[in-house]
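Down below is the structure, laid out as structure tokens.
Proteins get letters first, then strands, A, B, ... in listed order; numbering begins at 1 in each. All of these numbers come straight from a predicted model, not from anything done at the bench.
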Amino acid sequence: MSIGILKSPISLFKQFPTPITSTLHYLSLPTNLSLHQIKQLHARLITAGYDGDSHFTGQLLAALAQSQSTPFQYSLSILNSTQNPSLFAVNNLIRCFAKSESPHQALSLYSFMRKNAHFQPNNYTFPFLFQACSKFMGIIEGTQIQAHVIKLGFFVNVYIRNALIHLYFTSHETKHAKDLFDESPACRDLVTWNVMIAGYAKAGQIDNVEKMFDETPERDVISWSSLITGYVQNGYLEQALDSFKRMMDLQLSPNESILVMVLSACAQLGLIEKGRMIHSTIDSLNFPMTIHIQTGLIDMYAKCGYIEKARNLFNKMPIKDLSSWNVMICGLAIHGLAMEAIDLFEKFLTKGLTPVNVTFIGVLSACSKAGLVDKGCHYFKLMMEKYNIVPEMEHYGCMVDLLSRKGLVLEAIELVEKMSIPPDPVLWVTILGACRTHGLIKLGEEIGKKLIQLDPNHYGNYVQLSEIYAKSYKWEEVVRTRGMINGRNSKKIPGWSLIEAHGKIHQFVAGDREHDMSMEIYKMLDRINTRVLEAGYLPNVVQVLHDLEEEEKINVIKEHSERLAIAFGLLVIGSGKCIRIVKNLRVCGDCHEITKVISKVFEREIVVRDGSRFHHFKRGECSCQDYW
DNA sequence: CTAGGGTTAG
């Protein structure tokens, strides 16, 4: 009896004769059976009197090992009910253990094997063992097993070597992985190259990722997938999109992973035109609308400013997983739709789903963006007490932000001092900023001095402190603090803004004169400045007044990257169409103010995604209500 | 029967 004549696993059950004849001993099961189907089959075998048959035990375990589920107990019980399990069965049990939640059990089984002359490991055993070690970074155990591999003469087996290289990479032993790769060029295949590409990607060594990819003799879709994933995970978003284009130009078909990654690249860059193009590529390829693809699309639309599109896709999803909910909740949060994010989270809970750390980052950041102190504190407590989630830096970040911006600076300080992990200095920077805006001179002075001591090169701390002095009219201190900036190596992250126009990406930095249309852009900027002044816009006087040392800086404020992008947008984006800008840093107060006025006098909708959220500017107002 | 890639926040 051959499995080839059977149409589906279900028909397999129906065609099982009772009692099962000996011809069935040559049966091998199809892969991708569900746990339910395997259990049904198992039941039939028992009723047919084949319980404990060593051949069928092996087949059941092989099917389990290749199924989606990871039933540790069940697979063990199958083996235990067998009198004379085959090596095949034991290997597949190791495989089951390797992918289960307790992969170290694979090693217990291995040491049992070594004590039994009957079950000496073969070439199939070791890849599963190294896979198990990879799951818990068991490089010490792995190295011991490597010694056995050498002793038994299996070290030339390409499957085993690949699994071992993979183990070295997952255990951050990049050097050892490379040595193993270099050692025997003869013992390499396509998988070896792919392991190297993905391994270097995980290690953040993007140069080596590219080198390995270029040197791969023949590439498959996993090679491309590993390259593109490596780019996205290390922030090389444009390169990821370029590689995707290259791949598509070669008429290769993408897989799900590639599509999800390029959607993420578009999401992070805010490239709606490109994102839409990928969406239509997915449609025209008739690519299956999996949960991952749908979730990627929701994330992309939300992060590109189309929250209603994201919402529609989410509501239409027949099956959602945890990530889908997380993406949607976080998407609402970056749009400042705090109440909707909270309502969705409550709906999530009523479905009986269990939130994870990311879910709470979404909820808490929603609360912080809307200044909902009571709700934020409630959910922070709920997270710790009901769900036993230990807060991470990001959760503290939301809470400190929420409390301090609402003026509850002492509460914020108390929270930071009670933290279970050493606080990131950024938390103190947030509190320092709140001291400045709420006029807490003495406290701010103290924190500012401490921060400068902690990191004397951080430019922003001097600025904050000097502004606190300025507020209390301590001019000498202002001058002294400003003077301390000179000669420091500022670690300031360079700010940029980008705008998509007619399928091209245009990126600007402050004072940028590199763009082809620079002349027109600066002319437009002059026009903007004239018209907003007429409309009653006042530049941030305090800031300008005390930037005495370098007059250059006054101009730099006027030439902040988003202003260049807006000017460019007004020039090239058809009137009536919304101008969409993405920037990496938070929008500064002055730019926020001027953008409001621009939206009014030029009658333009302007959407800015800054480092933390969306601002929808319309008719002189912003969706954030000036709280951001 | 074997090894390799995967969305989520600021």
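Near DNA chain B, meaning a heavy atom under 4.0 Å away, the residues from residues 392-403 of chain A are Glu394(A). Taken residue by residue, residues 160-174 of chain A places heavy atoms nearer than 4.0 Å to DNA chain B at Asn162(A), His166(A). Listed by residue number, Asp189(A) are the residues of residues 177-190 of chain A with a heavy-atom contact under 4.0 Å to DNA chain B.
Put simply, CZ on Phe360(A) is 16 Å from P on dA9(B), counting in whole angstrom units.
Nucleic acid contact for Asp424(A): none, since no nucleic acid atom lies under 4.0 Å from a heavy atom of the residue. Val327(A) comes within 4.0 angstrom of sugar-phosphate atoms only, judged by non-hydrogen atoms across all strands, and of no base. Across all strands shown, Arg613(A) has no heavy atoms under 4.0 Å from either base or sugar-phosphate atoms.
For Thr295(A), whose side chain is taken as the heavy atoms from C-beta onward, the closest listed nucleotide among dT7(B), dG5(B), dG10(B) is dT7(B). Picking from dA9(B), dA3(B), dT8(B) the nucleotide with the shortest atom distance to the side chain of Gln131(A) gives dA3(B). For Tyr159(A), the listed nucleotide lying nearest its side chain is dT2(B); candidates were dT2(B), dG5(B), dG10(B). Of all nucleotides listed (dG10(B), dG5(B), dA3(B)), dG10(B) comes nearest to the side chain of Lys369(A). Closest to the side chain of Asn92(A), out of dT2(B), dA9(B), dC1(B), is dC1(B). Of the candidates dT7(B), dG10(B), dA9(B), dA9(B) carries the atom nearest the Val358(A) side chain, counting heavy atoms from C-beta on. The side chain of Ser323(A) lies closest to dT8(B) when the candidates are dA3(B), dT8(B), dG5(B). In the set dA9(B), dA3(B), dG5(B), dA3(B) carries the atom at the smallest distance from any side-chain atom of Arg95(A). Side chain of Lys303(A), nearest nucleotide from dC1(B), dA9(B), dG5(B): dA9(B).
OP1 or OP2 of dG10(B) lies within a sub-4.0 Å distance of a side-chain N or O belonging to Ser365(A). OP1 or OP2 of dT8(B) has at least one side-chain nitrogen or oxygen of Ser264(A) nearer than 4.0 Å.
By the salt bridge (charged side-chain N to carboxylate O under 4.0 Å, His left out) test, Arg95(A) pairs with no residue at all, sequence neighbours left out. Scanning for salt bridge (charged side-chain N to carboxylate O under 4.0 Å, His left out) contacts around Asp242(A) gives an empty result, with sequence neighbours left out. Every residue meeting the side-chain hydrogen bond (donor to acceptor under 3.5 Å, both in side chains) condition with His615(A), not counting sequence neighbours, appears here in chain and number order: His592(A), Asp610(A).
A donor and an acceptor atom, one from each side chain of Thr192(A) and Asn162(A), are located under 3.5 Å apart.
Judged by distance alone, the side chain of Ser171(A) and the main-chain N or O of Leu167(A) form a donor-acceptor pair under 3.5 Å.
No N or O donor and acceptor, one from the side chain of Ser226(A) and one from the base of dG5(B), sit under 3.5 Å apart.
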